[in-house]
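Each remark here refers to the structure printed beneath this line.
Each chain gets a letter, A, B and so on, in the order the sequences are listed, and its residues count up from 1. All values below come from the heavy atoms of this structure, side chains included, with hydrogens, waters and symmetry mates left out.
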Amino acid sequence: MTNVEELVKQQAEIHGHKRESLMPILQAVIRSERFLSEEAMVAIAKELDISTADVYGTASFYTFMDTKPKGKNIIRVCKTITCHMKGKDAVIGALEDLLKIKLGDNTSDGKFSLLQANCLGWCHKGPVMLINDEVYPEVTPQSAVEVIQEYLKQK
Amino acid sequence: MSTYKVNLKVNNLNVSVDEGTTILDAARQLNFKIPTLCHHDDLCVAGNCRVCVVEQVGNRLLPAACATPVSEGMEVLTNSMKVRQARKNIIELLLSEHNADCTKCFKSGYCELQEMANEYRTGDHIFLDVRSKNEIDISSPSIEKDDSKCIRCQRCVRTCTELQAVSALAVTHKGKEMKISTFLDKPMNDVVCTNCGQCINRCPTASLVERNYIDQVFDAIYDPKKFVVVQTAPATRVAISEEFGLGPNRSTGKMVAALRRLGFDKVLDTDFTADLTIMEEGTELLTRLKEALVDGKEVALPMMTSCSPGWIKFQEHIFPDMLDNLSTCKSPQQMFGPLAKTYYAEKINKNPADMVVVSIMPCTAKKYEAERPEMRGSGYKDVDFVLTTRELGRMIHQAGIDFEKLEDEKYDSILGESTGAAVIFGATGGVMEAALRTAYEIVTGREVPFANLNIKPVRGMDGIKEAAVKIKDVKEEWSFLEGVELKIAIAHGLANAKELMNKIKSGEADYHFIEVMACPSGCIGGGGQPIPTNMEIRKKRAAAIYEEDEKMVLRKSHENPEVTEIYKSFLHKPLGHRSHDLLHTHYYPRKRY
Ligand code: SF4
Ligand code: SF4
Ligand code: SF4
Ligand code: FES
Ligand code: FES
């Protein structure tokens, strides 16, 4: 059994083998793996005896449940209307230049992924950037770059 | 059933209906049609398309008629100004994201969305055009999936889950990216889809349609070098009439006449190989029983029928550990193909390389089945093209043939003779009934003990049917069956099949013989049958099938003279060498998840 299968089995023991157990198991896999691999989704479908399409359908509904490999740190910039009007595009542009990747991609060293998110509930302080679970309100292209540079310094 | 009655007014007319009835059904009782898209009589309520909105006097909001139960004193207007405006807007919104290239579309003239747009004469284009283009998925030999035509009504998802228990399709992503998709958006041919086509049969638009081969078949017909023979499945002859607005009806003779006018060189019958299937499968069952009861061998029982290729693929994916239980018989379509290109080719002195075998099927899975690499017993592709009942309807329309006015004609010979036992293959329980009529007689020398050969306990629309037949006073060579109670079960629709399989696996039930058809009500409710379908329509098709059976001179497969002849001069005996090479096959385990 691979690590992911092991993890899924463990989580199913904790949360149960019913369809309702799907969300907590998905969340647990995301916490540990940062994304849902095909292998992980197949393992979940098996444990809960539901179809893989069902697992994927649920996972793909949630922005925070990626089904593609992600970097160690996930940067998400809010794309919804308030942040849009407050200049999220410029922030994203600056980050793309800094990390030398396009929106949606991972850096080649696997340290960062650059993504967008739907409204994060910080509209009054947009544009908002989220790195992993950390919120950075009212970012400018300049301040966003500085935050990332801090991350780059840590090992 | 509730006994409470609820009184309400629909368009100012009084009506009294059972408690729990929806506004939609209450209006139907007064013969008011409320337009629907996501609603389907076979499926659970979804309430997502909103075209069925009605006005409820005193309610500011417009309730969805398909999803709202009636209440006492309710006053409903199904066509008020407010309703009409709302409905137009809803249809416009659907069209604003719909790739409405109707003139090029396979569904044009058969499409519920188009019909509604026509009825309401929308066309002001008040909303922003946000339609998108995408690749059409034609990975499957049975199904064409075009997301740009999808209105996200989810009938397909509900079909695949509720009726078929496969869930190959799911709603994925959200917002404007929301779509109907497969696991990781894989091509249809790479997932657990059984190609049953039930989703196609319920899709209101052209988002899911059969892969159609009409032009290829016309090309073959017009190619002077090709000798094109056509075979017709049992269930098509009671449904093709629906393509011409004539309702479910026995129309074998007209269908044969139409096929001849389309230019097929010979019009032959899958019913012939259905009779042959009974000989092979019946013998296989008796052999397995003997091996189990006399020789004490480990044989896979219950034996399961194998004429439904959607069911076969389902087993390969979902219960790959029980493939030995499946009869090794090919489906009647695939028995016909290799016989046409060997036995028949020889008789009529044709080079099989110049022959084209076309089938008319109620089924989309048979398109897939014909492509299976095993299906080349003749040394050629045994069946070249498989058309649905609907495609045949199109061909007849295209050729300008007035179906209703055709005089009845007869099948060509040979491979055209059949019995009533073969035609009932088209309805759930039919293969079982046909097998019993023959096997019982082989073993006891007497006819099955049911009035007029009609084995009523195996008929009808219950999802799972069970019966037991006591075998007594057997012929000497079958003495090991004396007193045996033959236990049988029948399931139709893959959700019922799955339930039955789980019962068998858990040891809760033990049967000798099981019939499974992938489609609800059997082939008469096949994925390739005319649209729409619902229980009422399927019951009418079944009634027509049983009537057809009663009208036949011969009612038992073993009495088919062409069957006797082919065993005498070609196959020699059931399960013999030739049968093995041409009429039997094997199965492969596939991934369940
Ligand atoms: S699916 Fe219907 S509305 Fe859409 S293009 Fe085809 S015929 Fe027209
Ligand atoms: S594919 Fe057809 S049935 Fe399925 S959601 Fe789209 S329009 Fe509805
Ligand atoms: S063809 Fe049958 S199994 Fe395949 S997606 Fe449609 S309903 Fe599901
Ligand atoms: S719009 Fe960006 S946080 Fe709400
Ligand atoms: S038919 Fe009623 S909401 Fe779709």
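The shortest heavy-atom contact between B/Ser167 and A/Asp54 is OG-OD2, 4.2 Å. Pairing each heavy atom of A/Ala53 with each of B/Ala168, the nearest pair is CB-O, 3.5 Å. B/Val166 and A/Ser51 make their closest contact through O-CB, 3.7 Å (heavy atoms, listed as atom of the first residue, atom of the second, distance).
Open room surrounds NZ on A/Lys9; 12 or fewer heavy atoms of other groups in view lie less than 6.0 Å from it. Counting heavy-atom neighbours within 6.0 Å of B/Lys498 NZ, excluding the residue itself, gives a total above 12. Residue A/Lys70 places its NZ atom among more than 12 non-hydrogen atoms of other residues, nucleotides or ligands, all under 6.0 Å distant. Within 6.0 Å of atom CG in A/Asn3, 12 or fewer heavy atoms from other residues, nucleotides or ligands are found, so the atom counts as exposed in its surroundings. Residue B/Glu135 qualifies as open at atom CD: its count of foreign heavy atoms under 6.0 Å is 12 or below. Other residues, nucleotides and ligands place no more than 12 heavy atoms under 6.0 Å from the CE atom of A/Met85. The number of heavy-atom neighbours closer than 6.0 Å to NE2 of A/His84, taken from other residues, nucleotides and ligands shown, is 12 or below.
When heavy atoms are compared at a cutoff of 4.5 Å, B/Val171 approaches chain A solely by way of its backbone atoms N, CA, C and O. Looking at B/Val191, there are no atoms closer than 4.5 Å to chain A (heavy atoms on both sides), in backbone or side chain.
Between B/Tyr593 and A/Asp49 there is a side-chain heavy-atom pair separated by less than 4.5 Å. Proximity of B/Phe183 to A/Val42: side-chain heavy atoms (C-beta onward) are separated by under 4.5 Å at one or more points. Contact annotation: the side chain of B/Lys174 approaches that of A/Asn118 to within less than 4.5 Å [non-hydrogen atoms, C-beta and beyond].
No other option in B/Leu184, B/Thr182, B/Leu169 has as many heavy-atom pairs under 4.5 Å with chain A as B/Leu184.
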Problem - Worked verdict on A/Phe61 versus B/Thr172 for side chain to side chain contact (heavy atoms under 4.5 Å, CB included) - result: CA-CA 6 Å; A/Phe61 182 85; B/Thr172 71; over 6 Å; no

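One distance of note links CG of B/Asp185 with OH of A/Tyr56; it measures 3.5 Å at 0.5 Å rounding.
A ring-centre distance under 6.0 Å is not found for A/Tyr62 and B/His173.
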